[in-house]
Structure formats: structure tokens, C-alpha cells
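To start, the structure under review is shown below, and the notes come after it.
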Protein chains: 2
Amino acid sequence: MLRLSKKADYALMAMKHLALQSDRGSSSAREIAEQYDIPIELMAKVLQRLVRRGLLASHQGTHGGYQLARLPAQISVADVIQAIDGPVTVTACTTDDGRCDQYAKCNVRDPLWRVRERILTALGECTIAELASEPPTPAPMRAAVLHTHL
Amino acid sequence: MLRLSKKADYALMAMKHLALQSDRGSSSAREIAEQYDIPIELMAKVLQRLVRRGLLASHQGTHGGYQLARLPAQISVADVIQAIDGPVTVTACTTDDGRCDQYAKCNVRDPLWRVRERILTALGECTIAELASEPPTPAPMRAAVLHTHL
DNA sequence: TCTAAATACGACCGGTCTAGTCCGATATTA
DNA sequence: TAATATCGGACTAGACCGGTCGTATTTAGA
């Protein structure tokens, strides 16, 4: 259902948090996890993966923590999502090597592929800086429910 | 990973097939399934759901089959996907009623919500007619593999 | 030097979802 | 009446995901 994983959610929340905290140095996994009600160990794992992907810088030991590795405006939502969930693949056959085993007869590969690119563009244009510039989502906007069946 | 289900894939393939076959009357589930190497029973189930959602019209009995319920240009990829996979929800908390249990502290709801809308727009702009106007994907375009790490 | 707090990382586990199968009922045509 | 469809629910094996646990390593400070 075109849904991104919870880990990706957590990653984006953390990235935004770190963008807002960037002047105050680094934040620890525990700090972020507690603030957003995320299981600490899971948060840690997510942050670690972001470090491995070069989106975050970490500092070990007491008073250690995480920082953004680049300017918030230089990090896109797509970067974060792909760091956590792997490459965005709309179709199962769209593997890195382009193998389409049984899908030799598939008739929608190319169009879906273009759809994928559009989605990727949308995700790529939205940066962490953009997230951070938002109001911190004051109250749970119940009024804004829309009819999903377009 | 923002991937749509195989059923949705099958649905799109069938819809395109039916768009191309529209002048020749209807096609049976068996017919379509065999042409694209899809398990017949699964194909049938997908087609039935498309009927229930009003995207296809069915005719029972011998020489029965399926037809598009509307003009190909009037059916979007979003329609098909949502008919099969349910509403497109980028985040888990985006349920129909807008409930966000633990996510009271979530700080990325609104921006992700806007991302969802952009994706939905992209899917909504691509119609079955557009799929059908494509060349039928001749050979598996191996050359067109791109670097997914944007 | 010792201890506490932090990152790093892999193994594991239970629940959920997905793809696919099976079966029976109904409808339509020849 | 027989063959061929659609219809629709029940079921299953396997993959995947969210989350947990345990342990090693690094670092700052008392």
C-alpha cells in the first residue's frame, strides 16, 4: 500500500529533531527516543544505520550522540527513506540489476517505472530543512481528515 | 519500501490488457492469466475485486469475461491501486479517521501528509489509456538500468 | 583506574501481512 | 444437462516487520 516502514518514520522524526537541535550540539539516542515514545533500542538501530549511510555523524562514549552529517537543506526525505528501507522500488521486478524473471511478458514495467521516478522526485525535493521549518504540529489536527478515495 | 503489491501489479496488467482488447469484446480471467503467467485463481480474485470497485464490468456464464467499466482515459493508476491495495497511506498513522494513537508527539505527520498527496497526484495523473498507448515493452530493456541511489 | 553512559552490531522472536491454493456456489450458453 | 464462466470465502506456507536482548567497544569524568 505504498507505505513506508516505521523505522523510516522514526528516522525522519529523528532527523528533524536533530535539525532543530543542531545548534545545541548532539543528541543521544535515548534523548530522542524518550521524546517521541520510540523504543530506545530500535531508535538506536535506526540512528546507527543513518550513520553508516553517511547521513549522520556519531560520537561515542559518555556524552556521545548524533549530529547531522550535512546541512538540513542538503538531506532529502528520499535520502533518509532509502537509507533505512533500501532503494524505492514500486514493483517487485525492479531490482538493481533489472532482472525480471517471470516478468518477460509484463506490459506495465516501463510506465510503472516512470511512476517510480515521479515519486522519487517528489521525495527528493522535500528536504529535512523543510521539515524543520514547519510548526511542530501543535494539536492532532482531526479536522483535516480527507476522503482518500480520490 | 513504497512497493505496491503483486495483486496491484496484476490488476494493472489486466487493465491494460483489457484496454487494448476493448474493441474485441471481453476477456476471461483464464485468458489474461495465461498470457501473463499469472496464477488463474489469483487473477480471478483480482478481477473480481475490480468489478466490485466499479472499475470493471463482468459477464458470467460461458463466453463470459471482463470489460472496462469506463473509458481507459477515465481510469487512473491510482484508482486501480486503491481498489486492490486499499487507500494509499504513506504513514501507518494516517488511517481514515485520522487517529494517531501514540503519535501525539509525532513531528513529521503534516509534511509526510503532503508527500502522500504528491504521490497520489502522480498516480492519479497516469491513466490506463496512457499505459495502453505505450509500445508493449518489446525486449527487456537491460540497458536502461539506472543508479537507484539518487 | 574504575565506572557509567553512550554507540555498535548481530541474533532472535512473535505477530502480521502477502501470495497463492482450494473448495463450493451461481450464472449463462450451447 | 454439461461446460465454462464469474463469485466469494476459508485456508496455508512463507516473508517481512517491529521490537527485544545480549554483548562488545568507546569515551568522559570522578
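To find a chain, count down the sequence lines: A is the first, B the second, and so on, and within it residues start at 1. FYI, side chains are in, hydrogens and waters are out, and symmetry mates aren't considered; it's all heavy atoms of this structure.
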> Given atom NZ of B:Lys6 and atom P of C:dT21, what is their separation to the nearest angstrom?
Replying inline: 11 Å

> Which listed nucleotide (C:dC9, D:dC7, C:dC23) is nearest to the side chain of B:Glu41?
Replying inline: C:dC23

> Starting at the 5' end of DNA chain D and moving along, which residue's nearest nucleotide shows up first, B:His59 or A:Leu4?
Replying inline: B:His59

> Can you name the closest pair of heavy atoms from B:His17 and A:Asn107 and give their distance?
Replying inline: N-ND2, 4.0 Å

> Between B:Thr62 and C:dA27, is there a side-chain N or O to OP1/OP2 distance below 4.0 Å?
Replying inline: no

>> Using the rule that Ile, Leu, Val, Met, Phe, Trp and Tyr join whenever any side-chain heavy atoms are under 4.5 Å apart, tell me whether A:Leu20 and A:Leu55 fall into a single cluster.
In response: no

>> For the backbone of B:Ala8 and the side chain of B:Ser5, can you confirm whether one donor and one acceptor N or O come within less than 3.5 Å of each other?
In response: yes

> Counting side-chain heavy atoms from C-beta on, which of C:dT7, D:dG18, C:dA19 comes nearest to A:Lys7?
Replying inline: D:dG18

> B:Gln48 has a side chain; which of C:dA8, D:dA5, D:dG8 sits nearest to it?
Replying inline: D:dG8

> For the pair made of CG in B:Leu50 and P in D:dC7, what is the distance, rounded to whole Å?
Replying inline: 11 Å

> Whole Å only: how far is the CG atom of B:Asp37 from the C1' atom of C:dA19?
Replying inline: 16 Å

> Counting side-chain heavy atoms from CB outward, which of C:dA19, C:dC9, D:dT20 is closest to A:Arg52?
Replying inline: C:dC9

> Ignoring hydrogens and geometry, is there a side-chain-to-backbone donor-acceptor pair from A:Arg116 to A:Val88 under 3.5 Å?
Replying inline: yes

> Within this structure, what is the CD1-to-P distance between A:Ile84 and D:dC17, rounded to whole angstrom?
Replying inline: 12 Å

>> Can you confirm whether B:Ser27 sits close enough to B:Leu18 that some side-chain heavy atom of one is under 4.5 Å from a side-chain heavy atom of the other?
In response: yes

>> I need the CE-P distance between A:Met13 and D:dG18, as an integer number of Å.
In response: 14 Å

> For D:dA5, does either OP1 or OP2 sit under 4.0 Å from a side-chain N or O belonging to B:Arg30?
Replying inline: yes

>> As a test of reading the structure: which of C:dA8, C:dA5, D:dA3 is closest to the side chain of A:Tyr66, going by heavy atoms?
In response: C:dA8

> Can you tell me how far C1' of D:dC7 sits from CZ of B:Arg49, to the nearest Å?
Replying inline: 13 Å

> So if you build clusters from Ile, Leu, Val, Met, Phe, Trp, Tyr with side-chain heavy-atom gaps below 4.5 Å, do A:Ile81 and A:Leu42 land together?
Replying inline: yes

> A:Met43 CE to D:dG18 P: how many Å, rounded?
Replying inline: 13 Å

> Where the side chain of A:Lys45 is concerned, which of D:dA28, C:dT21, C:dG10 is the nearest nucleotide?
Replying inline: C:dG10

> Could a donor-acceptor pair under 3.5 angstrom be found where the side chain of A:Gln60 meets the base of D:dT26?
Replying inline: no

> A:Tyr10 has a side chain; which of D:dG19, C:dT21, C:dT29 sits nearest to it?
Replying inline: D:dG19

>> Let's see if you can work this out: which of C:dT21, C:dT7, D:dG19 has an atom nearest to the side-chain heavy atoms of A:Pro39?
In response: D:dG19

> When we call it a touch if two heavy atoms are under 4.0 Å apart, what does B:Ala44 touch: a base, just sugar-phosphate, or nothing?
Replying inline: nothing

> Rounded to the Å, how far apart are B:His63 NE2 and D:dA5 P?
Replying inline: 7 Å

